[in-house]
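Nothing here was measured: the structure is a model prediction, and the numbers come from that model.
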Amino acid sequence: MKKILLVRLHEKLQLSVVTPPAGFLYVPSYLRRHNPSLEFFLFDFALNPGDYSKYKKFVSNFRPDAIFFSGSYVERDQLYHCLKITRSLTRAVTICGGPLAGTAALELLHNPFLDYTVSSEGEQRAASLIDHLSTGSPPCEGIGYRRTGQVIFQK
């Protein structure tokens, strides 16, 4: 696993305020210390509102090994749309974290295009998940996934 795409979901709401994704950016900072060879890129829908053609082009050109999505519950439909696009372009591992995964992990894991959820604080859990994907080590607590049709949460 070398290339990781971070996707910040964003639905423009009537009273929405766009702020930098500071919390989300802790994840690549922590992962880079854990594994300096990782390459990251952030695709931010707040800067590219509804521009799925730009998203498609970027996924096709960057060819990530894993894609981390972050957003809130109001962005779940956008997540589902992105997952469908993603799966049509690549077999990259798809992961959702942030408030969306924290509030709706069970619902999200019923989507066949989502591979993992990361609940609560994501930095250490993301590193554990990358280790799991690279070496087969067991994932840490707070990770959700499907195996043989069943949703499993590491506790």
Atom pair CG (Asn35) and CG (Leu31), whose distance is rounded to the nearest 0.5 Å: 8.0 Å
Without placing hydrogens or testing angles, list every side-chain donor-acceptor pair under 3.5 Å for residues 62-72, not counting sequence neighbours.
unit_1	atom_1	unit_2	atom_2	d
Asp65	OD2	Lys2	N	2.8
Asp65	OD2	Lys3	N	2.8
Ser72	OG	Glu75	OE1	3.0

Partner set under side chain to side chain donor-acceptor pair (under 3.5 Å) for His34, not counting sequence neighbours: Asp131
Any residue meeting salt bridge (Lys or Arg N to Asp or Glu O under 4.0 Å) with Glu39, in chain and number order, not counting sequence neighbours: none
Val27 side chain near Phe40 side chain, heavy-atom distance below 4.5 Å: no
For His132 against Pro139, the heavy-atom pair lying closest together: ND1-CD, 3.5 Å
Residue Glu123 excluded, over 12 heavy atoms near CD under 6.0 Å: yes
Point-to-point distance, once rounded to the nearest 0.5 Å, from CG of Asn111 to OG1 of Thr94: 8.0 Å
Tyr80, OH: over 12 other non-hydrogen atoms inside 6.0 angstrom: yes
With His81, the side chain to side chain contact (heavy atoms under 4.5 Å, CB included) member among Ile85, Leu79, Leu83, Asp77: Ile85
Ser137: partners by side chain to side chain donor-acceptor pair (under 3.5 Å), with sequence neighbours left out: Thr135
Distance-only side-chain donor-acceptor flag, Tyr30 / Arg33, under 3.5 Å: no
Ring centroid separation Phe43 to Phe45 under 6.0 Å: yes
Cluster check Phe41, Tyr26: I/L/V/M/F/W/Y, side chain < 4.5 angstrom: no
Residue pair Arg87 / Asp115, side-chain heavy-atom distance below 4.5 Å: yes
Thr86: side chain to side chain donor-acceptor pair (under 3.5 Å) partners, not counting sequence neighbours: Tyr55
Qualifying residues under salt bridge (Lys or Arg N to Asp or Glu O under 4.0 Å), relative to Arg146, sequence neighbours excluded: none
Atom of Cys140, atom of Ser128 and distance for their closest heavy-atom approach: N-OG, 3.1 Å
